[in-house]
Amino acid sequence: MAPTMTPGARENYLAAVVFIPITAIVLILRFASKIWFRQAPQGPDWLCLLATAFLYTLSGLIINFITKHGVYTAGPPLTPDETTELLKDSWVEELLFGAVLTSVKLSILWFYYTIFSVDRTFRRSIIIAAAICIVWFIVAEFVIIFQCHPVKAFWTTSLFSNSCLDTTKVLFGYELTNFFIDVLILCIPISAVRKLQMSKWKRIAVTGVFLMGGLVCVASIARIAVIWRLPDPVAKFDYATVLLLGNIQDGLAVTCASLITLGPIMSVLFHACSRSRERRREKKGPQLSDDIAAPQADHIRQEPAHNRVSASSQKSGGVVMSSPMPIKPLYGSYDEEKGRET
């Protein structure tokens with residue numbers, strides 16, 4: 001029987017479970033669009049796939065621990081051995097967290113490079129941003145791995161306090177620099193789109209697509225606020241919420257990295273829906289006009305019979321009356337020589 005989950009454990013569990021199908025769907029659509037337009041997957045696609053693999057590994061660790069223990073906070077009610085297991089998982093999860101974000105950042109920058117490769121200035125800015133991402137990843141992973149000396153002191157509670165850096169300060173510096181890099185990456189396409197020759201509303205739409213990555217920045221700001229809760233960040237450190245926001249941040253990053261590449265397939269679907277609506281309107285139009293026109297046609301067909309005067313009636317009345325001007329009916333053909341509908 002599975003243990004009852006604490007609120008923090010339940011939130012982390014749901015976040016891990018929900019983002020698995022969401023990221024799978026957008027990734028499938030990304031590769032499906034490549035197949036649809038007969039394009040071979042390129043570097044950005046494979047990097048996004050790698051980021052998704054890192055994310056699923058991270059989610060698997062979270063789901064496995066919570067399923068077994070129902071708790072996702074170090075200390076009681078966990079036993080010392082269970083706490084050691086959780087801290088080991090957390091150490092690996094922080095490494096995977098950086099791997100997911102860096103893979104996504106490089107995937108997006110590579111995608112930008114294929115779009116704006118004509119402009120030399122943007123190419124240089126993209127290369128510089130990619131170099132910053134790689135340096136950040138190396139430094140961040142190094143600090144996380146060796147924040148305790150020896151390394152195992154991170155999950156050995158008896159050694160932690162005297163052998164490790166302040167975890168709160170490490171995570172704060174980690175997340176703050178990550179946020180600044182995200183903002184830098186968001187600014188690159190905005191300045192490029194302003195120079196494109198397109199209508200105002202289309203430019204706004206394209207910019208909006210690129211700015212979907214801003215959702216990751218929102219999660220990053222929330223995580224910074226949770227990590228650094230003044231006046232005493234260490235005393236108010238919320239372990240479960242910090243890991244929850246990190247998981248949400250990774251899930252949003254992978255999702256948005258694929259969504260910004262789905263413009264062509266979304267355009268095809270939009271035009272297909274538009275054509276479908278037009279066909280439905282055309283189909284309904286003739287039916288409506290037939291219903292309206294049918295009574296008019298009957299009236300027109302009957303009118304000549306009432307207005308025409310026979311030759312015998314004209315003679316008997318002593319008055320010669322000419323036939324009225326024939327009205328061409330809406331349906332059928334008209335014989336002008338005979339003065340009647342055929």
Side-chain angles (χ1 to χ4, degrees), residues 11-36 39-68 72 85-114 129-130 132-145 171 174-175 178 181-182 185 212-213 215-217 219-220 223 242-262 265:
E11 292 170 355
N12 276 275
Y13 182 88
L14 289 175
V17 169
V18 166
F19 273 111
I20 290 175
I22 291 176
T23 52
I25 290 170
V26 295
L27 189 65
I28 290 171
L29 288 175
R30 179 175 188 150
F31 279 86
S33 67
K34 291 288 184 178
I35 296 173
W36 179 273
Q39 298 175 352
Q42 298 177 342
D45 307 304
W46 297 120
L47 277 175
C48 193
L49 181 62
L50 179 63
T52 306
F54 287 139
L55 175 65
Y56 289 172
T57 304
L58 189 155
S59 299
L61 290 172
I62 295 172
I63 293 171
N64 176 65
F65 187 87
I66 295 175
T67 303
K68 289 194 302 182
Y72 208 55
E85 181 185 354
L86 176 59
L87 292 174
K88 284 182 178 179
D89 286 354
S90 301
W91 185 76
V92 175
E93 287 163 13
E94 281 299 326
L95 295 175
L96 289 171
F97 176 78
V100 172
L101 292 181
T102 304
S103 299
V104 168
K105 288 179 174 67
L106 294 176
S107 173
I108 293 173
L109 288 170
W110 200 338
F111 175 69
Y112 289 169
Y113 190 86
T114 60
I132 292 173
C133 289
I134 294 172
V135 172
W136 175 84
F137 173 71
I138 294 172
V139 173
E141 298 294 281
F142 181 86
V143 171
I144 290 172
I145 292 172
L171 290 178
Y174 182 93
E175 195 60 55
N178 172 58
I181 295 174
D182 285 341
I185 293 174
M212 285 190 299
L215 295 174
V216 182
C217 291
S220 181
R223 196 167 189 244
V242 169
L243 293 178
L244 170 65
L245 291 173
N247 197 24
I248 292 174
Q249 191 174 347
D250 277 349
L252 287 174
V254 174
T255 302
C256 294
S258 290
L259 285 177
I260 63 174
T261 66
L262 299 182
I265 195 169

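From a predicted model like this one, the values you see are computed outputs, not experimental measurements. What's counted below: heavy atoms across the whole structure, side chains too, no hydrogens, waters or symmetry copies.
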Practice task
Can you sort out the partners of Glu11 under salt bridge (Lys or Arg N to Asp or Glu O under 4.0 Å), two or more places apart, ordered by chain and number?
Solution key: none
Exercise for the section: Not counting sequence neighbours, which residues clear side chain to side chain donor-acceptor pair (under 3.5 Å) with Tyr13? List them please. Expected result: none
Completion exercise
Distance col, row Trp91:CH2 vs Leu87:CG, nearest 0.5 angstrom, shows 12.5 Å
Atom pairs and distances, donor-acceptor, side-chain atoms in residues 97-111, under 3.5 Å, two or more places apart:
unit_1: Thr102; atom_1: OG1; unit_2: Gly98; atom_2: O; d: 2.8
unit_1: Ser103; atom_1: OG; unit_2: Ala99; atom_2: O; d: 2.8
unit_1: Lys105; atom_1: NZ; unit_2: Asn178; atom_2: OD1; d: 2.6
unit_1: Lys105; atom_1: NZ; unit_2: Asp182; atom_2: OD1; d: 3.1
unit_1: Ser107; atom_1: OG; unit_2: Pro44; atom_2: O; d: 2.7

Handout entry: From Leu86 atom CG to Ile62 atom CD1, the distance as rounded to the nearest 0.5 Å
Key = 10.5 Å
Fill in the blank from the handout: All heavy atoms of Arg223 vs all of Val242, minimum pair found to be NE-O, 3.1 Å
Completion exercise
Cys133 and Ile181 have their tightest heavy-atom pair at SG-CG2, 3.6 Å
Exercise for the section: Look up atom CH2 in Trp136 and atom CD in Glu141, then write down how far apart they are to the nearest 0.5 Å. Expected result: 7.5 Å
Completion exercise
Ile28 meets the side-chain contact (heavy atoms from CB on, under 4.5 Å) criterion, sequence neighbours left out, with none
Handout entry: Spatial distance of atom CG (Leu245) from atom CG (Asp250) [nearest 0.5 Å]
Key = 11.5 Å
Practice task
Looking only at non-hydrogen atoms, find the nearest pair between Leu96 and Phe54 and report the distance.
Solution key: CD2-CD2, 4.0 Å
Completion exercise
All heavy atoms of Ala257 vs all of Ile260, minimum pair found to be O-CG1, 3.4 Å
Completion exercise
The reported gap from CG in Asn247 to CG in Leu252 (rounded to nearest 0.5 angstrom) is 10.0 Å
Exercise for the section: Using the side chain to side chain contact (heavy atoms under 4.5 Å, CB included) rule, pick out the option among Ile22, Leu29, Leu27 that qualifies with Ser258. Expected result: Leu27
Practice task
Determine which pairs satisfy side chain to side chain donor-acceptor pair (under 3.5 Å) with at least one residue from residues 18-32, sequence neighbours left out, and list them in order.
Solution key: Thr23-Tyr56, Arg30-Asp45
Exercise for the section: Flag the pair Ile63 / Ile20 as yes when at least one side-chain heavy-atom distance between them is below 4.5 Å, and no otherwise. Expected result: yes
Handout entry: Partner set under salt bridge (Lys or Arg N to Asp or Glu O under 4.0 Å) for Lys68, not counting sequence neighbours
Key = Glu85
Practice task
Report the distance from atom OG1 of Thr52 to atom CZ of Phe19, rounding to the nearest 0.5 Å.
Solution key: 12.5 Å
